[in-house]
A.B. asks: 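Below is one structure. I have some questions about it.
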Amino acid sequence: MAELGTATITMALALAAYGAVASFAGAKGRYAALVLSGQRANYMATLALGVAVLALVAAFLSNDFGIRYVAEHSNLAMPRIYTWVAFYAGNEGSLLFVAFALSGMAALSMAMTPRRTGTQRAYANGVLMLLLTFFVGVMLLLANPFTQLATAPADGIGINPLLTHPGMFMHPPLLMTGLIAISVPFALGMGGLLSGRIDDEWVDGARVWGLVAWALLAAGLLLGAWWAYTILGWGGYWAWDPVENAAFMPWLALTAFIHSIMVQKRRGMFRMWNIALINIAFTLGAFGIFINRGGPVPSVHSFGASSLGWVFLIFLGVVALASFGLFFYRLAVLKSTHSLESTLSREAAFLVNNLLLLGIAFTTLWGVVFPLISELTTGRIITVGEPFFDQVNGPMMLALIFMMGVGPLLPWRTATWATVRRALVVPVAITLAITAAVALLLEIRIAAVLVGTAVSTLVAVSVLREWVRGTIARHRSTGAAYPLAFAALIASNRPRYGGYVVHLAIVMLAFGIIGSSFYGTTRDIFMRVGESATVGAYTVEFAAVETTIFADRTERQAVLNISRNGEPLTTMRAWNGVYPSFQMVSTRAAIRSTPVDDLYVIFSEVQPDGQTAAFRLLVNPMVWWIWFAGPFVILGTVIALWPTRRRAVAHVELPDPPKLGEQAGGALAKGAS
Amino acid sequence: MTILIVTLLAAISVAVLAYPLLVRRSPSPDEQTEELAAGLRKARDRVYEEIRVLQQEYFLQSVSRPEYEEQLQAARLRAAGLLAQQQAVQQTLASIETAAEEQLREARSGGRAP
């Protein structure tokens, strides 16, 4: 397997390099056959990397410990189901995964890009192949997953215990694929700049792939939060950790991009801004890879780090210089066909939303690089903690959610204050009424919570009101039943209503974050078997401790009887495992999750008597909504991406040009309605 | 086994990459016209989509009547222009087809293979 893997990676490197050269040379010399050959190199590189992936999977499945990577990330005791996780548990395997994902998406995106885009497409393929050459080259020369050991050990070291979690099947691949997927809209933009043509074709392709990357990152971030919540044993789900931030920043820039690109599609504006945004998103993605693989700052994700930081730092520098250099060189072709007519318009709202998103991204970036800057300037590493991020990003996030509620209510181009008042008065009145009722019922006295509740409610009210109004209007005009009228409304403008579904998911997230951040309860306690403790409305009885010895770990389970307000509820099991080969204790919290609150029990330490243990008991209100929001993010993206059915159009003889404007409406009615 | 897979993959790669370079084939006039027609179709669909969205926004009272009418008229003019171009392309395609048929007929009447 080792020989096959190395040979196919070498072949992929040659194919990617050829693809880059052929695409650039073919585009420059207008040599269509060479361009086509370059594009085919893209497909063949995917095939070669696919064989390499299969070779590594086969090596894991056959316990081929002669391959160093297999020996370091698996052992005989590892359940076969974790082969997929072990595949990308280390740097070498991650690089192979990233290269394969990049080549697959590059091939798919180029197959989907119309041929008529000509040199734009050729240059885009060249950029993608150049990126692939870099990743495959680094893998082959510095981190080959097929490097062989002089002597194969009888057993491997095993997989990192922190990775043996269901979330790990999807979280890392989604994040890696999401980060690398930004390459596609970036390459399409660069292809446009290199060819000197930034037109609507790039808008369509970049929007689709921007949304794909955005959804992959969003799903990866949420799964990562869930993994952290259930396995890291501190009761939280987000800690502004550098590696979390590394994926969060490009996601923010992409969020700005997928909104801003709609303005270009709709109004021909923000051309320059969109290219700048996709450059920023890609550069932040490259920065994310540097943080993730380079490990320059301390992180809970340090197990994924390597000594390749310098390579990715150079990559980051080259990407930033080349993309922004080209951007400034081509400024002339990026002039928009329209300019902002009023600050009271949907375009202006999109712009404010973009600035807030970038504000959050750059605040986060500052927090991530501050330890590096402090070390360079003072010689001491000063890390930036959660309070900094919460205090600076918190208000910007509230403003962003407010804009999510207000923006869709504003008309395109321009509006009068009277129009705005008319659009806002009902949603704002409903919002204030709901917020006041909630504040009174739940005795909310914290200003940030009240503001957060109000702005989140405003978003939900705006969305639901538009759906209700649209559905009723369709029902009246077509006579369709309400569910069908609602479905027809969604289908009538999928990008818009898919976006609204995502907005509702963000509202759920906001409520989950507000509830758990401001109203959580924590209690640290030692209990003997038979004792009980109370946290919030829950009573936790430590009923028993059970110890099981496995080949790779000693596992202890605490059996806990749970009651609420004196009523028995359920029995939960929290466990921890001691892994001698990793010198690590891994915990799995016992979690009882409901839409109102989570009871979360961490079983951390057993005393020498074997009957007393340390527990952390938490009640985290509304965390359930954070996980519940995830499927809605995906659903909204799928709706937004769902292709519109092409309608048949009858061709008619057109009148003479002077009469064209007057009669066009009738001729077009058939196609547009 | 490894040698077999690698050799096979290498041979397929060389063949796939070399084929467009060895078999020189410039796009025929009707292919180019088809490409142009596809581009126009896409542009037209985009304008139709714009009109649909505009009508919906007007329906939901997100756009004032004068603005709706102004934008609708502009979109219709653009669509009309595109339809005119499409018609011209259709005519070009038809004339290419007619010319080809004419050539075929001539070849047949002359007793030669086309």
Side-chain angles (χ1 to χ4, degrees), chain A residues 1 3-4 7-8 11 14-15 18 22 32-34 36-37 40-41 43-44 47-48 51 114-116 200-201 204 265-266 346 408-415 419 422-423 466 469-470 473 477 489 492-493 496 644 646-647 649 651-654 657 660-661 663-665 667-668 671-673, chain B residues 1-3 5-6 9-10 12-14 16-27 31-32 34-36 38-39 41-57 59-64 67-68 70-73 75-81 83-84 86-87 90:
Chain A
M1 287 302 154
E3 293 84 4
L4 179 63
T8 46
M11 203 180 289
L15 285 163
Y18 170 78
L34 195 56
L36 185 59
S37 179
R40 289 185 175 184
Y43 303 145
M44 291 312 299
L47 186 62
V51 174
R115 250 196 311 179
R116 63 178 172 275
D200 290 341
E201 296 289 357
D204 288 343
K265 190 175 166 71
R266 180 74 212 269
R346 197 175 298 174
L409 299 175
L410 297 175
W412 291 101
R413 294 181 67 180
T414 183
T419 320
R422 207 170 45 241
E466 183 167 326
R469 285 171 66 199
S477 63
L489 178 78
S492 68
N493 192 349
R496 179 177 177 138
T644 311
R646 180 179 281 175
R647 284 149 205 265
V649 178
H651 285 277
V652 291
E653 289 298 322
L654 284 169
L660 211 57
Q663 297 183 18
L668 298 170
S673 61
Chain B
M1 187 65 167
T2 299
I3 293 170
I5 295 172
V6 173
L9 203 56
I12 295 171
S13 298
V14 170
V16 166
L17 266 55
Y19 185 77
L21 301 172
L22 298 176
V23 183
R24 287 176 179 243
R25 186 178 156 274
S26 53
E31 268 182 316
Q32 288 173 332
E34 276 291 356
E35 283 285 304
L36 184 61
R41 248 195 325 268
K42 179 119 196 215
R44 186 206 60 201
D45 287 348
R46 200 175 284 127
V47 179
Y48 284 170
E49 179 68 26
E50 199 180 308
I51 293 175
R52 265 197 299 278
V53 171
L54 186 66
Q55 284 171 337
Q56 191 192 23
E57 292 203 341
F59 189 60
L60 293 168
Q61 295 168 10
S62 298
V63 188
S64 66
E67 194 185 330
Y68 166 69
E70 186 195 330
Q71 287 191 32
L72 187 65
Q73 181 69 358
R76 280 176 168 175
L77 274 173
R78 260 185 294 139
L83 280 177
Q86 256 189 304
Q87 195 179 27
Q90 291 290 339

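For the numbers below, each heavy atom of this structure counts, side chains included, while hydrogens, waters and symmetry mates do not. Every chain is numbered from 1, with letters handed out A, B, ... down the list of sequences.
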A.B. asks: Sort out for me which of B/L17, B/V53, B/T2 touches chain A most, counting heavy-atom pairs under 4.5 Å.
C.D. replies: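 The candidate making the most pairs under 4.5 Å is B/L17.
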
A.B. asks: Under 4.5 Å heavy-atom distance to chain A, tell me which part of B/A10 shows up: side chain, backbone, both or neither.
C.D. replies: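 Looking at B/A10, backbone and side chain both touch chain A.
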
A.B. asks: Which region of A/L15, side chain (C-beta onward) or backbone (N, CA, C, O), has a non-hydrogen atom less than 4.5 Å from a non-hydrogen atom of chain B, or is it both or neither?
C.D. replies: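 Only the side chain of A/L15 comes within 4.5 Å of chain B.
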
A.B. asks: Find the distance between CZ (B/R52) and CG (A/N493) and round it off to the nearest 0.5 Å.
C.D. replies: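 Result: 9.5 Å between the selected atoms.
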
A.B. asks: Highest number of heavy-atom pairs under 4.5 Å with chain B: which of A/A7, A/A22, A/S492?
C.D. replies: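 Answer, by heavy-atom pair count under 4.5 Å with chain B: A/S492.
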
A.B. asks: Could I get the full list of side chain to side chain contact (heavy atoms under 4.5 Å, CB included) partners for A/L36, not counting sequence neighbours?
C.D. replies: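 Once residues adjacent in sequence are excluded, the partners of A/L36 under the side chain to side chain contact (heavy atoms under 4.5 Å, CB included) criterion are A/R40, B/P20.
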
A.B. asks: Name all residues meeting the side chain to side chain contact (heavy atoms under 4.5 Å, CB included) criterion together with B/R78; count only those two or more places apart in sequence or in a different chain, and write none if there are none.
C.D. replies: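 Applying side chain to side chain contact (heavy atoms under 4.5 Å, CB included) to B/R78 gives B/V47, B/E50, B/A75.
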
A.B. asks: Among A/M1, A/M11, A/E3, A/R496, which residue has the highest count of heavy-atom pairs closer than 4.5 Å to chain B?
C.D. replies: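 When all of A/M1, A/M11, A/E3, A/R496 are compared, A/M11 has the most.
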
A.B. asks: Given that the side chain runs from C-beta out, which part of A/A423 has a heavy atom under 4.5 Å from chain B: side chain, backbone, both or neither?
C.D. replies: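 Answer is neither: A/A423 stays 4.5 Å or more from chain B.
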
A.B. asks: Less than 4.5 Å to any heavy atom of chain B: does that hold for the side chain of A/L409, its backbone, both, or neither?
C.D. replies: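 Neither part.
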
A.B. asks: Just by distance, no angles: are the side chains of A/Y18 and A/S37 close enough, under 3.5 Å, to form a donor-acceptor pair?
C.D. replies: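 There is such a pair between these side chains.
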
A.B. asks: In Å and rounded to the nearest 0.5 Å, what is the CE to CD1 distance from B/M1 to B/I5?
C.D. replies: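 Here the interatomic distance stands at 4.5 Å.
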
